[in-house]
Amino acid sequence: MAEKLQAIRGMNDILPTDSHRWQWLESTVISVVQQYGYQQIRTPLLEQTDLFCRSIGEVTDIVEKEMYTFADREKRSLSLRPEGTASVVRAGNQHGLFHNQIQRLWYVGPMFRHERPQRGRLRQFHQIGVEAFGIAEADIDAELILLTARLWQALGIRSVKLELNTLGSSKARAAYRQVLIDYFAEHPDQLDEDSKRRLGSNPLRILDSKNPDMQALIADAPQLPDHIDPESREHFAQLCERLDDAGVEYTLNPRLVRGLDYYSRTVFEWTTDKLGAQGAVCAGGRYDALVEQLGGKPVPAIGFAMGIERLLELLIEDDVEIAEPGADIYIVVVGDAARRQGQKIAEKLRSDGRWKVILNADERSFKAQLKRADKSGAAFAVILGESEVENGSALLKPLRTAAEQLEVAQNALGTVITESLVGA
Ligand code: ATP
Ligand code: MG
């Protein structure tokens with residue numbers, strides 16, 4: 001026997017027993033983002049590597065060690081996208097979407113990061129993201145957060161909480177950066193290897209370290225909020241006021257800095273304690289400098305992304321039941337004439353547009369077909385044998401109730417089924 005091939009580690013198949021849960025989640029999210037007037041954008045999975053180096057930042061976990069990067073046949077360096085924002089900005093610049101315009105956009109799709117696979121951490125994972133371009137005011141920061149709060153409600157997710165911070169302007173961050181360098185440089189013996197390296201390049205990222213041995217040092221570090229510029233402070237106060245107006249609860253977390261370089265001012269994260277170490281389900285922030293950094297005119301922007309796999313796990317933790325929609329009608333056909341007639345009946349019922357109809361498509365015994373009908377979840381079996389074909393009728397057998405089996409004229413099937421399913 002030939003060897004069975006396996007999927008790549010950390011890249012999951014989404015099987016039919018699970019796909020309805022994905023579809024339900026995605027369609028629920030889509031209906032909410034559409035309520036806020038957001039439009040979908042679809043970008044390629046592959047981009048020039050340079051796009052991510054210039055946006056996410058050279059000294060980030062993602063670019064340093066998580067990207068799938070390779071040379072194509074023309075020896076250009078390409079990367080599978082590790083996140084969505086960079087591509088959306090690239091596309092917006094390329095197609096002139098941002099100039100004097102407001103864009104409210106969303107995307108969904110796979111992202112790729114070469115991380116150590118574990119619960120809630122995959123190498124191909126999926127995000128739904130939202131980005132708003134062209135609005136500098138805190139109104140839009142509030143809009144995005146209210147949108148996420150509405151999402152949790154629509155999905156039935158209860159165990160998430162919101163953490164907020166402001167990173168200030170890039171100037172304020174530069175000043176804070178120096179303060180941090182001075183602080184960490186005073187404690188060289190307490191720095192791990194990653195942090196030593198980051199001290200020179202990107203000391204803010206040290207605050208994001210997950211190393212338990214570093215936590216005490218980080219806790220005593222000078223805090224960003226003490227170094228924020230007045231305009232950013234005002235922007236942040238407005239956002240908090242809007243959230244208070246809407247009754248959205250949040251915690252201020254001065255150490256929330258996010259793993260990507262392009263953020264400024266507002267950053268936020270929705271986290272849960274129900275998913276172990278992988279507790280971030282939705283994360284985002286403002287990135288006012290990114291559009292210009294990628295070659296466009298300056299355009300303020302803000303966005304977030306959420307991990308679909310983690311949300312699906314959280315739905316289980318929060319006891320949200322997602323029923324798999326079964327078939328409505330299963331057509332049982334015994335004999336050649338019935339198989340031929342069965343196809344006509346199935347097509348006619350499908351033309352009515354209301355029902356999910358499965359037609360038995362091979363030669364099997366009556367008993368075997370009825371078993372399949374039952375397994376399909378269908379409410380009715382429509383049974384056709386030789387004699388039914390001859391007199392233009394069919395047997396309608398209710399599979400989920402104790403009601404009697406009926407003999408129905410073939411051309412009345414649609415009406416009778418509609419009456420009993422809708423009437424029930
Ligand atoms: P983490 O701190 O868990 O590594 P992150 O800061 O790298 O998350 P972002 O880049 O902000 O994550 O991505 C947004 C969301 O995408 C995360 O909040 C998470 O829900 C999800 N996500 C990120 N990386 C993965 C992954 N490898 N597998 C599954 N989901 C992921
Ligand atoms: Mg990460």
Side-chain angles (χ1 to χ4, degrees), residues 8-12 14 22 25-26 29 52 55-57 59-68 79-89 106-131 144-145 148 151-152 155 157 159-165 167 194 198 202 204-212 214-215 218 253 255-263 266-287 290 302-317:
I8 294 166
R9 199 162 104 86
M11 303 201 178
N12 286 349
I14 298 156
W22 285 71
L25 179 106
E26 287 174 10
V29 176
F52 304 114
S55 54
I56 299 169
V59 198
T60 55
D61 281 352
I62 293 179
V63 171
E64 274 183 343
K65 48 191 184 198
E66 295 174 2
M67 275 211 297
Y68 280 89
S79 293
L80 283 166
R81 64 179 186 193
E83 56 105 51
T85 304
S87 307
V88 173
V89 172
W106 67 272
Y107 60 83
V108 59
M111 306 294 161
F112 304 85
R113 297 185 194 176
H114 197 276
E115 304 194 67
R116 193 168 67 77
Q118 54 198 290
R119 182 186 185 200
R121 196 173 290 288
L122 296 152
R123 290 181 170 173
Q124 174 174 329
F125 63 101
H126 298 76
Q127 285 183 338
I128 301 180
V130 169
E131 319 279 1
L144 284 200
I145 291 175
T148 51
L151 259 178
W152 312 143
L155 292 169
I157 285 177
S159 47
V160 283
K161 57 182 183 33
L162 174 62
E163 294 187 14
L164 270 188
N165 192 20
L167 302 177
D194 269 350
R198 294 211 163 106
N202 191 349
L204 255 78
R205 294 276 295 113
I206 300 178
L207 300 180
D208 204 32
S209 164
K210 306 266 168 7
N211 182 352
M214 293 278 304
Q215 296 312 310
I218 290 171
N253 177 358
R255 271 184 299 282
L256 181 66
V257 293
R258 310 278 306 111
L260 297 75
D261 270 359
Y262 52 58
Y263 290 107
T266 311
V267 288
F268 64 94
E269 229 170 72
W270 287 93
T271 59
T272 176
D273 50 19
K274 292 203 169 169
L275 298 180
Q278 275 57 254
V281 291
C282 172
R286 192 167 263 286
Y287 51 92
L290 184 60
I302 178 166
F304 66 79
M306 49 202 169
I308 298 184
E309 284 83 356
R310 291 187 195 177
L311 287 176
L312 285 170
E313 282 219 35
L314 190 54
L315 285 168
I316 296 173
E317 295 294 328

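Below, each value reflects all heavy atoms present in this structure, side chains not excepted, and no hydrogens, waters or symmetry copies. Just so you know, ligand 1 is whichever comes first in the structure, and atom 1 is the first atom listed for that ligand.
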Is M111 close enough to touch ligand 1? Criterion: a residue heavy atom under 4.0 Å from a ligand atom. no
Report, in ascending order of atom number, the atoms of ligand 1 lying under 4.0 Å from any heavy atom of V281. 18 (O), 20 (O)
Under 4.0 Å from any heavy atom of A283, which atoms of ligand 1 are there? 11 (O)
Going by heavy atoms in the side chains, are M11 and L122 under 4.5 Å from each other? no
What do the steps show when you test L314 against E317 for side chain to side chain contact (heavy atoms under 4.5 Å, CB included), and what is the final call? CA-CA 5 Å; L314 190 54; E317 295 294 328; 4.3 Å; yes
Test side chain to side chain contact (heavy atoms under 4.5 Å, CB included) applied to Q278 - qualifying residues, sequence neighbours left out: Q118, R121, R310
Ranking K210, R113, R119 by closest non-hydrogen atom to atom 2 (O) of ligand 1, top hit is K210
Residues in side chain to side chain contact (heavy atoms under 4.5 Å, CB included) contact with I316, at least two apart in sequence or another chain: R21
Any side-chain heavy-atom pair of I128 and I308 under 4.5 Å: yes
Just by distance, do the side chain of N165 and the backbone of L256 share a donor-acceptor pair under 3.5 Å? yes
Region of E115 that comes within reach of ligand 1 [heavy atoms, distance under 4.0 Å]: side chain
I would like to know whether E131 and Y107 meet side chain to side chain contact (heavy atoms under 4.5 Å, CB included); could you show each step before the answer? CA-CA 9 Å; E131 319 279 1; Y107 60 83; 3.3 Å; yes
Min heavy-atom dist Q127 to ligand 1 below 4.0 Å: yes
Any side-chain heavy atom of Q215 within less than 4.5 Å of one from I218? yes
Heavy-atom nearest option to atom 26 (C) of ligand 1, drawn from W270, F125, Y263, F304: F125
Under 3.5 Å: N/O of A280 near N/O of ligand 1: yes
So for ligand 1, is R310 a polar contact partner (N or O within less than 3.5 Å, distance only)? yes
Please identify which atoms of ligand 1 are closer than 4.0 Å to at least one heavy atom of A305. 14 (C), 15 (C)
Among H126, R121, Q118, which residue places a heavy atom closest to atom 1 (P) of ligand 1? R121
Quick check on Q278 - does any of its heavy atoms sit under 4.0 Å from an atom of ligand 1? no
Look at ligand 1 and say whether E83 reaches it with a heavy atom at a distance under 4.0 Å. no
Have a look at ligand 1 and work out which part of H114, if any, has a heavy atom under 4.0 Å from it: side chain, backbone, both or neither. neither
Would you call K65 and D194 a salt bridge, taking side-chain N to carboxylate O under 4.0 Å as the test? yes
Taking every non-hydrogen atom, the tightest pair across E269 and A283: CG-CB, 3.6 Å
Judged on heavy-atom distance to atom 21 (C) of ligand 1, which of G307, G120, G10 sits nearest? G307
